[in-house]
Protein chains: 2
Amino acid sequence: MYILIAEDDEQIANSLRKNFAEDGNPVMIAKDGEEAIHFLNSISFDVALLDWRMPKVSGIEVCRYIRESGNKVPVILLTALSQVKNKVEALNLGADDYITKPFSFDELTARINAIVRRYQSSTNELIFNDITLDLISRRVKSPRGEIYLSGKEFDLLKYFILHKGTIMSKENICKEVWSMNFIPSTNIIEATVKNLRKKLEDDSGKNLIKSIYGEGYLFITE
Amino acid sequence: MYILIAEDDEQIANSLRKNFAEDGNPVMIAKDGEEAIHFLNSISFDVALLDWRMPKVSGIEVCRYIRESGNKVPVILLTALSQVKNKVEALNLGADDYITKPFSFDELTARINAIVRRYQSSTNELIFNDITLDLISRRVKSPRGEIYLSGKEFDLLKYFILHKGTIMSKENICKEVWSMNFIPSTNIIEATVKNLRKKLEDDSGKNLIKSIYGEGYLFITE
DNA sequence: ACAAAAAGTGAATGATTTTTCATTATTGTT
DNA sequence: AACAATAATGAAAAATCATTCACTTTTTGT
């Protein structure tokens, strides 16, 4: 996990670095806000720990700035200021958490983990049984290897998983997967289902897509 | 925003409800952990506030239980216990935040907002100037309309935006966008850059992709 | 068991995308 | 200015993907 520490107090910075290094996390240290912004613009971190009080640009300014530039890296502000209005200000400007000094390293670690977990889980992956869809790279993995799906097959599988356990009408599938508001005169859905079925069956040996005569499809759970 | 409050102290629960109601947020109150689990299983909330100490099932047990069942609702634990080991335990069990009593309502609200913002933003948008990439649907929008990109063009633009302001070598572009660890013998990168340039220029009239002779490309910021 | 409706199949078509290639243009160096 | 290296371009070829079609199989209600 790549961690950025923006902290002008060398002692604190080094103590944090040492602790993180013990857990095998590479750390980058910025001595002031300007440097922090520079690092954040060039490298992708898993989390940024920003001291409120820093030379040149304060931690809260760094936070505001990177959020405005669209950077969504999880941010935790570290500070001696324990007043509520400061906390509120920081959180409203896009920080994810706020810890007042002195803090315990264990608590910091736990808060980092909570935020990173949330950050990661809220993003990319859709998991069904032992199949994992990466919604960003659009790749599908199972313990038996990667399943190569075409674009439409991926969209369809995603739709199936999101609605697993319920009967999905062809009308709705059409609307959601093909963005068509009318039922096509061809059997395009059936054809795509066929190909998806084949690939899923090649992977797991099971047929996960059940046809409900006259109603639609059911993606079976369990 | 639908909020679940699990709190056996009626006074606290009602005070919270009143405050949230003033902001127009519907609140549901569970008097104990069992009820909280029941509500969480039947209704979808934007955030769950759980008291640690509750009859029947403690807040932390509720948290553990719902996480095990796959529920990803943001959870904040409210408690009088301020010891670090309690905080760490809670955060490691899947809570998103931890607030010790007594707390200010403003801080609670700010923390809720930070967590919900993070939960919802789910990082599926990449914004550069007035161009927005939806990383899930893989569509690109600008104030002037949608920009239709092919798969590779989208991947390349995403890579450019993520590394805007830095010079990107063809070697790295190759590795990241084409998943090839060797430099291709053809001019496939240049060809794709050309097509992407065309589409971006058709949209904004500007050439955002600068060639750095002998080094690579630069996606201009400013 | 039968007919009608619905769903499945394999192969062919059409469309789009990706890649290649030959050629032209640009840049940096001497 | 001349040269070599690098980059841009348009068009063509190759590959992939989405869709259609004719036909077969399965399911349901009678």
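Bear in mind the structure is a predicted one, so any value in this text is a computation, not a measurement. By convention in this document, chain letters (A, B, ...) are assigned in the order of the sequence lines, proteins followed by strands, and residues within each chain are numbered from 1.
- Residue Tyr65(B) holds its OH atom at 10.0 Å from CG of Asn71(B), rounded to the nearest 0.5 Å.
- Counting to the nearest Å, the P atom of dC17(D) and the CZ atom of Arg138(A) are 12 Å from each other.
- When each of Ala191(A) and Gly214(B) is assigned the nucleotide of DNA chain D bearing its nearest heavy atom, the one mapping closer to the 5' terminus is Gly214(B).
- Under 4.0 Å is where a charged nitrogen must lie from a carboxylate oxygen, and between Lys175(B) and Glu171(B) no such pair does.
- The distance between atom CG of Leu218(B) and atom P of dA7(D), rounded to the nearest whole Å, is 14 Å.
- Of the candidate nucleotides dA5(D), dA6(C), dT19(D), dA6(C) has the atom nearest to the side chain of Tyr213(A).
- Using a 4.5 Å heavy-atom threshold, the side chains of Met168(B) and Ile212(B) count as separate.
- For dT9(D), its base never sits under 3.5 Å from the side chain of Asn195(B) at any donor and acceptor pair.
- Regarding Ile188(A), its CD1 atom lies at a distance of 11 Å from the C1' atom of dC17(D), rounded to whole Å.
- Between the P atom of dC17(D) and the CD atom of Glu153(A) lies a distance of 8 Å, rounded to the nearest Å.
- Proximity of Ser150(B) to the phosphate of dT18(C): a side-chain N or O atom is located under 4.0 Å from OP1 or OP2.
- Taking only side-chain nitrogens and oxygens, Ser211(A) comes nearer than 4.0 Å to OP1 or OP2 of dG8(C).
- Between the CG atom of Asn207(A) and the C1' atom of dG8(C) there is a distance of 12 Å, rounded to whole Å.
- Distance Lys152(B) NZ to dT20(C) C1': 15 Å, rounded to the nearest Å.
- At whole-Å resolution of the value, CG in Leu196(B) and C1' in dT9(D) are 15 Å apart.
- Looking at heavy-atom distances under 4.0 Å, Ile212(B) makes contact with sugar-phosphate atoms alone, never a base.
- Side-chain nitrogen and oxygen atoms of Tyr217(B) include at least one within less than 4.0 Å of the OP1 or OP2 phosphate oxygen of dA8(D).
- The side chain of Trp178(A) contributes no N or O atom lying less than 4.0 Å from OP1 or OP2 of dA18(D).
- Side-chain proximity of Thr186(A) to the nucleotides dC21(D), dA7(C), dT20(C) is greatest for dC21(D).
- Heavy atoms of Lys210(B) sit nowhere under 4.0 angstrom from any nucleic acid atom.
- Of all the heavy atoms in Ile209(B) and Arg197(B), the pair that sits closest is O-NH2, 3.0 Å.
- Here dG8(C) is the nucleotide among dG8(C), dA7(D), dT19(D) with the atom lying nearest to any side-chain atom of Asn187(A).
- For the pair Glu190(A) CD and dA5(C) P, the interatomic distance rounds to 16 Å; values are reported in whole Å.
- The residue Lys194(B) sits close to a base: some heavy atom pair falls under 4.0 Å.
- Considering only side-chain N and O atoms, Lys198(B) lies nowhere under 4.0 angstrom from the phosphate OP1 or OP2 of dT9(D).
- With a 4.5 Å cut-off on side-chain heavy atoms, Leu196(A) and Phe160(A) count as touching.
- Inter-residue side-chain proximity for Glu190(A) and Tyr217(A) is flagged as met; some heavy-atom pair is nearer than 4.5 Å.
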